[in-house]
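Within every chain, numbering begins at 1; the chains are lettered A, B, ... in the order of the sequence lines, protein sequences first and strands thereafter.
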Amino acid sequence: MELFVSEGNPHCLKVLAALEVTGVQCGVQFVNHEGKVVPFLPRPAVPTLFLPSGQHLFSSNTICRYLFELNGPESSDQCNQWLEWEATILQPALLRALHLAVLQGKGSEVPKVLQGPLNVLDQSLVKGSMAYLTGEAVSVADVVLWGALHPVLSVSSLELSDHKSAKAWFDRVAAVRGCQSAAQKVLQGKGLEAMKSYMQKQPAPQSRDTQPCNSSPAENDEGERTVSEEEMEAAALTWSKDLNACSYPAEKQHPVMPQEGNRNVLITSALPYVNNVPHLGNIIGCVLSADVFSRYGQLRGWNVLFVCGTDEYGTATENKAREEGLTPQQICDKYHAVHSSIYKWFQIDFDFFGRTTTEKQTEIAQDIFWRLHKNGFLVEDTVEQLRCENCQRFLADRFVEGMCPHCSYPEARGDQCDKCGRLINAVELREPQCKVCRQTPEIRSSKHLFLDLPKLETQLENWLERSTSSGDWTANAKQITRSWLRDGLKPRCITRDLQWGTPVPHPDFKEKVFYVWFDAPIGYLSITANYTNEWEKWWKNPHQVELYNFMAKDNVPFHSVVFPCSLLGAQDNYTLVSHLIATEYLNYEDTKFSKSRGVGVFGDMAKDTGIPSDVWRFYLLYVRPEGQDSAFSWADMALKNNSELLNNLGNFINRGGMFVTKFFGGCVPAMELQQEDKKLLAVVGWELQQYIQLMDKVKIRDALKHILNISRHGNQYIQVNEPWKKIKGGESERQRAGTVTGVSVNIACLLSVMLLPYMPAVSQTIRDQLNAPQTCINTMLQGPGTFVCALRAGHRIGTVSPLFQKLEADQIEALKKRFGGQQPEDEPSNKKITASTQPAAVPAPPVVAEMKVVDGSDPEKAKQLAEAVAEQGDKVRALKSQKAEKAIITAEVSKLLDLKKQLALAEGKSPEPAPQKGKKK
Amino acid sequence: MALRELASLEKYLGLKKPNKYSTQGDKKVPVLQNNNAPPLVGLVTIACHLVKEAKRPELLGDGAEGRAVVQQWLEYRVTKLDSHIEDTKSILKDLNLYMQDKVYLAGNQLTLADVLMYYGIHSIILDLAVQEKEQYVNVARWFDHIQHHPGVRHHLPPVVVLRNRLYTSRHH
């Protein structure tokens with residue numbers, strides 16, 4: 001038996017104490033925090049107990065309990081209860097307390113955080129009036145709790161004066177033989193300081209009052225949310241309000257300039273590199289996310305400027321030019337146009353889409369350079385660089401490939417390893433190869449200028465502290481930045497021996513150009529300068545302007561550390577980033593998108609699929625890698641289109657409109673709100689609020705789910721009320737049909753506004769079909785959300801038609817094949833640097849066999865489900881005959897519908913929603 | 001949620017008289033009200049208690065080591081799975097690697113660890129796309145097995161797990 005522990009890890013204290021107290025014979029090994037001990041856990045898990053049977057115990061309480069049970073009886077219910085309380089209630093509080101005390105130097109806030117759990121402990125000891133937690137003898141519960149509390153209680157100045165019984169108990173356990181020596185082994189007499197390096201590696205604890213809105217969105221708990229009377233009345237009151245009379249200008253007035261008294265939001269999305277066609281991952285990572293937020297900002301009434309452009313300098317362009325027999329400028333012109341047209345097709349609504357190869361770029365970059373030089377933030381040094389004699393040139397990082405010095409990945413690039421993500425200095429690569437001719441390059445030295453990052457570090461940290469605490473930085477952005485700072489900053493070279501770039505103005509370096517990482521972010525400024533001469537009102541105006549940077553996570557260090565250092569060092573009152581929004585990676589089917597390897601669907605192919613741009617936007621945003629990596633999959637795209645867009649959202653909007661047309665001659669009927677309608681308004685209002693809260697925090701994917709929730713509620717509402725039946729009934733029934741129809745089209749109108757950032761064309765189509773007033777756009781998203789009745793009784797709607805089309809399985813299968821979704825990735829020898837616009841020819845999978853499964857047809861499941869449907873049907877009928885509460889029946893009915901849908905899937909049919917049959921008669 | 005889980009567990013264990021429960025705090029920690037003893041707090045604590053009451057000690061594992069492994073996964077359930085500290089992907093990854101050569105979480109028969117992990121992970125599995133279920137094929141296989149164990153499923157809808165793979169080119 002072997003126990004693995006590490007110094008400074010608070011969990012190890014318990015385990016070592018348990019070992020000493022029980023006297024169990026066991027080897028102890030000290031490893032570091034990153035020690036990977038458990039073979040099946042990808043993360044380090046210390047402490048770990050390696051059992052004689054070859055199994056691992058990797059949770060500290062389980063280990064302690066096991067050690068106690070080896071020599072004694074099974075632990076009692078009381079013991080179990082304390083251990084569970086420690087793991088689920090005390091530990092989260094302790095983690096926050098340690099985080100505050102060890103990392104943030106806020107030891108004074110510890111008592112507040114621990115007060116709740118300490119009260120519980122104290123009261124229980126008072127009530128039990130026993131020496132130890134579960135009796136008169138020490139048990140595993142005492143050792144575990146003592147070990148957990150020891151670091152904060154005995155080391156920090158926290159007094160237990162309010163908790164006398166807890167204090168007495170704590171001292172009693174501390175005196176048990178073995179406890180103190182365990183503490184000494186873990187803390188080394190260094191107190192809380194000993195835990196610093198451990199705590200730095202832990203994710204920052206979430207405070208309890210923030211809902212875990214980054215995990216799966218509200219869908220799970222909605223069933224349990226009850227709507228109060230007050231909420232219903234408030235919703236009904238809002239509903240009766242008027243639309244905002246004053247409409248803000250529908251068209252933006254260019255150039256957009258910061259306005260006094262308004263929220264001025266400057267949005268940039270990472271500049272796409274010009275020499276390639278952007279793939280779907282690039283599109284969702286920067287331009288599309290930024291576009292959604294920019295459109296949303298306008299709906300909220302903010303003053304928004306959204307700029308982007310192509311990043312054009314660098315060897316990759318030079319090389320591409322050589323390949324195509326053009327000049328670098330011609331290449332840039334050509335691909336800039338390609339980019340523009342792709343973004344136009346995706347409806348990316350830039351206020352200005354510029355480029356980096358402009359006069360302004362040279363002017364501003366050189367100005368920043370001279371300021372840094374003057375302020376003493378540039379240092380000179382010689383650099384070793386790789387030169388390919390065969391190609392007669394120095395090799396840019398991306399043109400060298402070799403083995404990663406850190407993780408030995410054989411295809412690491414000269415600047416970064418795709419596998420472990422670490423940045424690499426090209427000369428450190430093992431077995432380097434020139435990517436063009438595959439010769440081994442030589443190391444040459446040359447004189448270069450460096451940005452002195454260490455000298456700027458303190459300034460940077462001060463600024464980061466402010467920006468990350470007041471702004472909405474995504475968790476990965478903060479984490480990546482923190483890890484950069486933790487490793488310590490080193491001077492970074494800003495010049496290169498190339499031709500295609502912004503020339504270095506210093507006479508000693510005249511043959512050189514700026515390194516792209518220095519040059520490219522300055523593009524944001526120069527692009528704005530090409531948009532308006534008064535660009536400084538945006539970029540040298542930190543008090544009036546909030547800057548949002550959108551990017552994928554690989555770009556974070558350049559935007560959070562390096563570029564801010566350039567701007568801080570230039571000392572010219574620049575606007576620095578306030579909100580850094582970084583996505584994780586979007587994968588493509590079963591592999592990675594790779595610009596340099598030409599794997600994945602590229603922007604220009606999307607339009608050739610015949611799938612509308614709005615649907616592409618929807619799906620990409622639905623799988624936006626927000627908080628974790630996600631994957632684009634053709635089958636999933638078809639599924640989401642058919643289930644969410646067609647059957648849920650489209651179906652709901654279409655039904656409301658069709659009822660108005662068919663039953664009420666195209667005019668919105670009079671609405672008499674009853675309790676049930678008010679409840680729906682309250683539920684919809686709540687979803688709207690969630691949407692706004694999430695969007696304000698740039699949680700774009702999570703917010704989208706709330707739109708779909710609304711139409712789900714709407715469908716259920718129509719389903720339960722059956723207006724197509726009621727319309728044939730008596731006066732009051734007909735009126736009921738009218739109310740339900742009227743409420744439904746108004747919800748459709750609200751949905752059109754909420755959808756606008758995601759699907760601008762569909763959003764407009766809905767308003768056209770409903771003939772909705774434009775003023776609804778700037779009413780609904782004001783404040784915490786205002787769902788007003790925009791289509792009053794008597795309002796005449798337009799012509800209603802279906803919004804979405806089904807994506808058939810064979811169509812998707814064909815697309816998947818056509819766009820090479822199954823490109824093998826194990827062909828490193830003949831991969832191309834260029835983004836192939838030709839679909840790769842890949843042998844088709846056996847279509848017939850696969851089709852069946854795509855449909856999900858499964859006779860065995862079908863049989864089970866058929867039984868379940870019958871059972872649930874009986875239940876619903878029984879409830880109805882008992883006149884059970886409506887909410888209960890509704891819930892059971894929706895279960896039934898769901899089962900039927902599953903059944904349809906299992907039988908290989910497409911899941912047509914049941915109402916279709918009733919209403920289309 | 002936890003209360004429904006406990007009710008299902010009672011049914012699975014064949015306990016005749018249903019117990020009385022309440023919840024505690026904003027985390028809705030379940031509490032078992034006991035007539036002649038102090039109340040018990042906590043999902044795992046109560047579940048273990050019920051198993052003992054039903055005289056089914058085999059559900060808690062065989063021998064000290066076996067019991068420890070069961071407890072290990074019960075602790076994992078309430079700390080990792082229920083706390084939202086870990087994201088679901090990494091939990092699925094952990095389990096998928098662990099389940100590679102296993103039929104049950106602990107030992108060679110169904111234990112309380114399987115039952116509670118199944119209840120806890122159900123909502124995650126329900127949300128997975130077909131492709132993701134294939135990505136975590138070992139978890140999916142285990143899950144399907146447990147949900148078809150007689151008497152376990154109770155309050156939860158069955159989740160369809162395909163037996164034949166769609167995305168055959170994925171490298172595991």
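- Across every non-hydrogen atom of B:A64 and A:L70, the tightest pair is CB-CD2, 4.5 Å.
- Smallest separation of non-hydrogen atoms from B:V41 and A:Q81: N-OE1, 3.2 Å.
- With values rounded to the nearest 0.5 angstrom, A:E84 atom CD is found 9.0 Å from B:L74 atom CG.
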Residues B:L40, A:Q78; criterion side chain to side chain contact (heavy atoms under 4.5 Å, CB included); working and verdict: CA-CA 8 Å; B:L40 278 183; A:Q78 263 59 42; 4.1 Å; yes
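- Here B:T45 contributes atom OG1 and A:L83 contributes atom CG; the two are 8.0 Å apart, rounded to the nearest 0.5 Å.
- Heavy-atom neighbours of B:K20 NZ from other residues, nucleotides or ligands within 6.0 Å: at or below the threshold of 12.
- When all heavy atoms of A:F58 and B:Q72 are compared, the closest pair comes out as N-OE1, 2.5 Å.
- The candidate from A:D77, A:T88, A:N80 with the greatest count of non-hydrogen atom pairs under 4.5 Å with chain B is A:D77.
- Closest of all the heavy-atom pairs between B:K52 and A:S75 is NZ-O, 4.1 Å.
- Proximity to chain B is absent for every atom of A:Q91, based on heavy atoms less than 4.5 angstrom apart.
- A:L51 and B:V69 get closest at one heavy-atom pair: CD1-CG2, 4.4 Å.
- Within a 6.0 Å sphere centred on CG of B:D101, heavy atoms belonging to other residues, nucleotides or ligands number more than 12.
- Taking every heavy atom of both residues into account, A:D629 and B:K89 meet most closely at O-NZ, 3.5 Å.
- The greatest number of non-hydrogen atom pairs below 4.5 Å with chain A, out of B:R67, B:Q100, B:K93, is found for B:R67.
- Put simply, OG on A:S59 and CD on B:Q71 are 10.5 Å apart, with the number rounded to the nearest 0.5 Å.
- Within the 4.5 angstrom heavy-atom criterion, atoms from both the backbone and the side chain of B:E65 approach chain A.
- Both the backbone and the side chain of B:L43 come within contact range of chain A, each with at least one heavy atom under 4.5 Å from a heavy atom of that chain.
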